[in-house]
Visitor: 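Quick one: the structure is below, questions incoming.
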2 protein chains.
Amino acid sequence: MLDRIGGKWTSMLVKLLASAPDEVRFSELKRGATGISQKMLAQTLRSLERDGLVTRRVEPTVPPRVHYALTSLGRSLETALVVVRTWAEAHMAAIDDARRAFDRR
Amino acid sequence: MLDRIGGKWTSMLVKLLASAPDEVRFSELKRGATGISQKMLAQTLRSLERDGLVTRRVEPTVPPRVHYALTSLGRSLETALVVVRTWAEAHMAAIDDARRAFDRR
DNA sequence: CGGCATCCCCCACGATACTG
DNA sequence: CAGTATCGTGGGGGATGCCG
């Protein structure tokens, strides 16, 4: 499970989806997750969908519109991720300090 | 930060150190973390020490004994990790189901 | 005992190009 | 627009061997 969360973009995408009121389009996610490639976006979303964390809805128009949203399972994951994110933000500075002190030797 | 946690053995080692009453020796950790190689154990511990999450104490005997323990920062990380672990255990089955259903198509 | 050093492999990820 | 296909790369991780 930590492997799943550990993916480079997973946490960011879950956060984006969680903070949106409704569904989010592929292109919106691409804009929101700065630096992500189309490939990794599609791949990560697919993996999240596979795990039942995200739903995918296609509007059969031309060109198509694809909408993503968290499932209830996905939202429950977000609540766990919030804890980790909060911890990280709170202690990031301390870790940086420790790292510099360690490297000075 | 998620990269740090995402390391294959980090979470397991933090858990081992957290559940021990006192310091833990290198070889004890090696036994506790089934499947870890000496290289990854040393490397992960070094990285944790660098980040100020773990202390390292060497008894200058022959052969040497090296003891590891969580710092207070490390213990605070463990409380965050517990949340994720709990989530994972609670929903592992649901995810497996979703995965199988998805793959069946 | 507790590590480094070395070699090797795999795959997550990136860049680019193509398509319904 | 929202993907697939293809190719190339870095580095995380395993196996083995040596050493104070």
Side-chain angles (χ1 to χ4, degrees), chain A residues 1-17 20 22-51 53-70 99 102-103 105, chain B residues 1-17 20 22-51 53-70 99 102-103 105:
Chain A
M1 260 312 102
L2 288 174
D3 295 359
R4 152 132 289 329
I5 296 164
K8 183 168 179 183
W9 300 103
T10 307
S11 163
M12 176 172 295
L13 289 181
V14 171
K15 181 180 179 178
L16 281 175
L17 289 165
D22 274 28
E23 297 176 317
V24 186
R25 291 189 55 185
F26 188 88
S27 46
E28 294 182 70
L29 288 171
K30 185 155 170 48
R31 272 191 299 278
T34 319
I36 198 173
S37 64
Q38 281 198 351
K39 175 188 160 187
M40 285 317 296
L41 179 54
Q43 189 171 302
T44 306
L45 285 170
R46 208 148 227 304
S47 168
L48 288 171
E49 187 196 0
R50 187 168 105 99
D51 287 349
L53 300 168
V54 153
T55 59
R56 177 176 185 265
R57 186 174 67 82
V58 183
E59 276 188 67
T61 58
V62 178
R65 293 156 164 244
V66 185
H67 304 263
Y68 293 91
L70 287 183
R99 220 174 265 198
F102 185 91
D103 290 345
R105 282 175 285 169
Chain B
M1 260 311 101
L2 288 174
D3 294 0
R4 150 132 290 327
I5 296 165
K8 182 167 179 182
W9 300 103
T10 307
S11 162
M12 176 172 296
L13 289 181
V14 171
K15 180 180 179 176
L16 282 175
L17 289 166
D22 273 26
E23 297 176 317
V24 187
R25 290 190 55 184
F26 187 88
S27 46
E28 294 183 69
L29 289 171
K30 184 155 171 49
R31 271 191 299 278
T34 320
I36 197 172
S37 63
Q38 283 197 349
K39 173 190 160 186
M40 286 317 297
L41 179 54
Q43 188 172 301
T44 305
L45 286 170
R46 208 148 224 305
S47 168
L48 288 171
E49 187 197 0
R50 186 169 105 100
D51 288 349
L53 299 168
V54 154
T55 58
R56 182 183 129 105
R57 187 173 66 83
V58 183
E59 277 187 67
T61 57
V62 178
R65 293 157 164 242
V66 184
H67 304 264
Y68 294 91
L70 288 183
R99 220 174 265 198
F102 185 91
D103 291 344
R105 283 173 284 168

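Since the model is a prediction, treat every value here as computed from it, not as a measurement. Chain naming here is simple, since letters A, B, ... match the order of the sequence lines and numbering starts at 1 in each.
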Visitor: Students should find this one: the first and last nucleotides of DNA chain C, 5' to 3', lying under 4.0 Å from a heavy atom of chain A. What are they?
Guide: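 That gives a stretch of C:dC13 to C:dG20.
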
Visitor: Does A:Lys30, at its NZ atom, have more than 12 non-hydrogen atoms belonging to other residues, nucleotides or ligands within less than 6.0 Å?
Guide: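 Buried by this count: over 12 neighbours within 6.0 Å.
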
Visitor: Just how far, in rounded Å, is P of D:dG3 from CD of A:Gln43?
Guide: 13 Å

Visitor: Take atom CG of B:Leu41 and atom C1' of D:dG12, then tell me their distance rounded to the nearest Å.
Guide: 16 Å

Visitor: Within the structure provided, determine whether B:Leu17 and B:Leu29 are in side-chain contact (heavy-atom separation under 4.5 Å).
Guide: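 Touching, per the 4.5 Å side-chain cut-off.
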
Visitor: Take atom CZ in B:Arg25; do more than 12 heavy atoms of anything else shown fall under 6.0 Å from it?
Guide: yes

Visitor: Check whether any side-chain N or O of B:Lys39 sits under 4.0 Å from OP1 or OP2 of D:dT16, and answer yes or no.
Guide: no

Visitor: Just the rounded figure in Å: distance from P of D:dG3 to NE2 of A:His67.
Guide: 11 Å

Visitor: From CZ of A:Arg57 over to C1' of D:dA2, roughly how many Å is that when rounded to an integer?
Guide: 15 Å

Visitor: Rounded to the nearest angstrom, tell me the gap between atom CZ in A:Arg25 and atom C1' in D:dG3.
Guide: 13 Å

Visitor: Could you grab the distance from atom OG1 of B:Thr10 to atom CG of B:Leu53, nearest 0.5 Å is fine?
Guide: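 Spacing of OG1 (B:Thr10) from CG (B:Leu53) equals 9.5 Å.
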
Visitor: Look at atom CZ of B:Arg46 and say whether more than 12 heavy atoms of other residues, nucleotides or ligands are closer to it than 6.0 Å.
Guide: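 For B:Arg46, atom CZ is not crowded (no more than 12 foreign heavy atoms under 6.0 Å).
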
Visitor: Which residue lies toward the 5' end of DNA chain D, B:Trp9 or A:Arg56, if each is placed at its nearest nucleotide?
Guide: A:Arg56

Visitor: Please confirm whether the shortest side-chain N or O distance from A:Arg46 to OP1 or OP2 of D:dG3 is below 4.0 Å.
Guide: no

Visitor: CG of B:Leu45 to OG1 of B:Thr55: how many Å apart, nearest 0.5 Å?
Guide: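 Answer for the CG-OG1 pair, B:Leu45 versus B:Thr55, is 10.5 Å.
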
Visitor: Hey, which sits more toward the 5' end of DNA chain C by its nearest nucleotide, A:Gln38 or A:Gly6?
Guide: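 Upstream on the strand: A:Gly6.
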
Visitor: What residues in residues 26-33 of chain A put a non-hydrogen atom under 4.0 Å from any atom of DNA chain D?
Guide: A:Phe26, A:Ser27

Visitor: Out of curiosity, B:Ile36 CD1 to B:Gln43 CD, how far, rounded to the nearest 0.5 Å?
Guide: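 Spacing of CD1 (B:Ile36) from CD (B:Gln43) equals 9.5 Å.
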
Visitor: Measure the spacing between NE2 of B:His67 and CD of B:Glu28 and express it to the nearest 0.5 Å.
Guide: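 Here the interatomic distance stands at 8.5 Å.
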
Visitor: Mind checking the CZ-CD spacing from B:Arg56 to B:Glu23? Nearest 0.5 Å is all I need.
Guide: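 If we round to the nearest 0.5 Å, B:Arg56:CZ and B:Glu23:CD are 12.0 Å apart.
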
